[in-house]
Amino acid sequence: MRAVKSILSLLNIVACSFVFDFAFVPYLFQPAHDLAFMRVGALTPQGAKVLVRDPEASSVQLWTTPLAIKDPVSRDAIMDRILHPAETVSSDTQASEGVPWTYALELNFPANQDFVQVAEFTTLEPSTYYAVKGVRRFANATETEINRVVFRTAPVRLTPAQAASSLTSPGVRFQFGTGSCIKPNFPYVPMSTSRLPGLRRLSRHPIEFMLFLGDFIYADVPYFFGPALEDYRRLYRQVYSDPDALPYLQKIPTIHIYDDHEILNDWDRRDAFPMSNALRAYEEYNGWANPDAPGQGKNAGSDAPSASSTSLPVNQRRPTYFDFEYGDVAFFVMDARRYRSHIRQPDSANKTMLGAEQKQYLFDWLRAVNHTHAFKFIASSVPLTKNWVWANGQTDTWAGYLTERSEILRVVATVPNVIFLTGDRHEAIDDRPIDFSTSPVNQFYVPLFDSFNTTTDLDDSIFYRREGNTKFGIFTVDTQSNPDQPTATYQLYTEEGDGQYPIFNFTVYGKKWRKG
Ligand SMILES: *[C@@H]1O[C@H](CO)[C@@H](O)[C@H](O)[C@H]1NC(C)=O
Ligand SMILES: *[C@@H]1O[C@H](CO)[C@@H](O)[C@H](O)[C@H]1NC(C)=O
Ligand SMILES: *[C@@H]1O[C@H](CO)[C@@H](O)[C@H](O)[C@H]1NC(C)=O
Ligand SMILES: *[C@@H]1O[C@H](CO)[C@@H](O)[C@H](O)[C@H]1NC(C)=O
Ligand SMILES: *[C@@H]1O[C@H](CO)[C@@H](O)[C@H](O)[C@H]1NC(C)=O
C-alpha cells in the first residue's frame, strides 16, 4: 500500500514537473529578451522587407550581395555557403570572404517597439537571389553578425497592355507554402531538443515564400498569462528564438496574417481590449514586414535610397488585410478576425466576417485582377468550408457566416481561377469551391475521431487528412508553360518521411483568363 502511494506521488511529481516544464518554464525563465534575429517578409520585383531585432547593439548595418544561383541544383550549395561562413568576421569582410557586399543602411532599435525595425529594399533587380547580412556594431567598437538571410526578389509583372496583346508573355513558375498554427514543443515531449520540427521540415523546401495564416503564437494555450503588451511580445520572441526556427528564418520569406490565438480563442470582439496590445505585438514581429496595406504605399518618385527603414510605429487603425502579386499571380490576404460579427449572432444578411470596407476592397480587387492575373489566391485564417463539425467548427469558421460566404462566392464565380487558402483546423482538407485548408505546421491534431463531416449535402470534399502534427502545403504555380491553361499543383506534406515527400497531390487546371 505504502509502495503504491509512493509511486503515485512520484508519478504526480513527474506529471507536475512536465506541466511546469511545458507551461511555466518559457514564461518564467525564457523571456528571450536578448533575441537578435533577422527575417524576410514581403517581396517585390525591386526588393524586399527585412525585419531585424537587436536589443543590444547600438546599431546594425545591413549589407547585400546578389547570389549567382541559376538553377535549383546550385541553389542549396550557394545558399549554404553564404549562410554558414566562417565564424569570425574580420573588419574587412568583403576581402576575407571574396564576396562583394554592398552597404545598404544602418538601423537603430527603439525600445518602444521592442527593438524591432524593418528595412525596405527598393532598388534591387527582379527575379534575383540576394543575401543580406546584419552587422551588429557595439559601443566598444566590436562588430559581430546576426543571422544572414537569403531571398529571391519577385518577377516583374507585365503591364496590362502587354498582357492583353503579347502572345509570348513570360508568365511565372514558382513555389510557395501555406499553413498555420505553431506552438513550440506541442504536443509536449519532455525535455525535447527539437521544439519546432515543423519549421525545420519546411525550411528544406525551395519555396519563394510562405503564407502563414495565423496562430503563430498561442496567447491562451496552455495558459493565458495576461493581456499586457509584454505578454504578447514574449510569445513572439520565444518562437523566433527557437533554434528550429533559424534555418526557416534564413531561407523562407514569410507573409503573415493573424488568427484568434494571437489574441484570445475565438476572438470576435473587434478592437476591444486586449486587441490593442495583441495587434501591436503582431504588427511589430509579423505585420510590419508584410506587403503594404491598402493606402500604405510608399511615396513614389524621388530618387529612392538603396533601402530605407519604414517609419514606425504604425497607425493601428490601418487595415490589416492586404493584397500583393507575384508575377501574374495575385494574392488577397483577408483579416477574418478584426472586423467580424459575434460568432453567436444568428446568420443573417448583416452578419459579417469581413466588415463592409474589407468586403468592398475584396470585390474591387477581384474586378481589378479578373483578367490581368492567371490565378487569384484568397487567404483566410479560418476555413471556407462549412464541413467542420467538432467544437467551434460550425461557429468560428465561414460555416457561421454562410450568407456572406454565398455573397462572396457569387462574385468569385464570375472570376476565373480563384483558389482559397485557409488554416486553423489542425487538419487538411481540399474542397470545392476550391479551399486548401492546411494546418498545423507544428501543433497537435485531434487523434480520436474525424471532425470533418464528409456527408455530401455539405461542401464536396476532395481529400481529408486528420493525422499529422506537421502539415503544410506547397503550391507549384505555372503560368508559363501554357498561358491559356495555367496550373497550380498543391502538395501536402506531413511528418511522414520527415516532411520530405508529399502524401497528397492535386492539380488545379486554370481556365483561360485573358480577355478576348
Ligand atoms: C563589446 O560589447 C559587446 C556587447 O556588450 C560584448 O558582447 C563584447 O564582448 C565586447 N567586446 C569587447 C572586445 O569588449
Ligand atoms: C443585424 O440584424 C440584427 C437582427 O435583425 C439586428 O439586431 C442588428 O442590429 C443588426 N446589426 C447591424 C449592424 O445592422
Ligand atoms: C470578370 O469578368 C467577367 C467577364 O468579363 C465579368 O462577367 C465578371 O463580372 C467580372 N467579375 C468581376 C468581379 O469583376
Ligand atoms: C454531417 O452532416 C449531415 C448532413 O448535414 C448531418 O446529418 C450529420 O449529423 C452530420 N454529422 C455530424 C457528426 O455532425
Ligand atoms: C505526388 O507527386 C510526386 C511528384 O512531385 C510523386 O513523386 C508522388 O508519388 C506523388 N504522391 C502521391 C501521393 O500521389
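Side chains are part of it too, since the values below use all heavy atoms of this structure and drop only hydrogens, waters and symmetry mates. All ligand and atom numbering here is 1-based and tracks the order in the structure.
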Item to check | atom 14 (O) of ligand 1 [closest protein heavy-atom partner, distance rounded to 0.1 Å] | outcome: Asn140 ND2, 3.1 Å
Checklist entry - Can you find a heavy atom in the side chain of Leu354 that is under 4.5 Å from one in the side chain of Glu404? => result yes
Checklist entry - For atom 2 (O) of ligand 5, which candidate among Ile474, Thr489, Asn505 holds the nearest heavy atom? => result Asn505
Checklist entry - Where is the nearest protein heavy atom to atom 4 (C) of ligand 3: which residue, which atom, and how far? => result His371 NE2, 3.5 Å
Checklist entry - Which is it for Asn370 and ligand 3 at heavy atoms under 4.0 Å: side chain, backbone, both or neither? => result side chain
Checklist entry - Relative to each other, are the rings of Tyr240 and Phe37 parallel, tilted or perpendicular (30° and 60° limits)? => result parallel
Checklist entry - Looking only at heavy atoms, what is the nearest atom pair of Tyr401 and Thr352, with distance? => result CE2-O, 3.3 Å
Checklist entry - Going by the order shown, which atoms of ligand 3 are within less than 4.0 Å of some heavy atom of Val415? => result 11 (N), 13 (C)
Checklist outcome for this item: In this structure, atom 5 (O) of ligand 1 is nearest to the protein heavy atom Phe138 CD2, 4.4 Å
Checklist entry - Is Thr414 close to ligand 3, meaning an N/O of one under 3.5 Å from an N/O of the other? => result yes
Checklist entry - Any side-chain heavy atom of Val333 sitting closer than 4.5 Å to one from Asp323? => result no
Checklist entry - Nearest protein heavy atom to atom 13 (C) of ligand 1, by residue and atom, and its distance? => result Thr142 CG2, 3.5 Å
Checklist entry - By number and element, which atoms of ligand 3 are closer than 4.0 Å to a non-hydrogen atom of Val411? => result 13 (C)
Checklist entry - Which one of Asp242, Asp498, Asp244 satisfies the side chain to side chain donor-acceptor pair (under 3.5 Å) criterion with Arg200? => result Asp244
Item to check | For Arg367, the ligand 3 atoms whose distance to one of its heavy atoms is below 4.0 Å | outcome: 14 (O)
Checklist entry - Within 4.0 Å of atom 9 (O) of ligand 1 (strictly less), any protein heavy atom? => result no
Next on the checklist: Closer than 3.5 angstrom, by distance alone: can the side chain of Asp435 be matched with the main-chain N or O of Leu384 as a donor-acceptor pair?
Outcome noted: yes
Checklist entry - Numbering the atoms of ligand 5 from 1, which are under 4.0 Å from a heavy atom of Ile503? => result 13 (C)
Item to check | Verdict with reasoning, His205 to Gln175, per side chain to side chain donor-acceptor pair (under 3.5 Å) | outcome: CA-CA 9 Å; His205 291 270; Gln175 293 190 305; over 6 Å; no
Item to check | Donor-acceptor under 3.5 Å (Arg337 side chain, Tyr339 main chain) | outcome: no
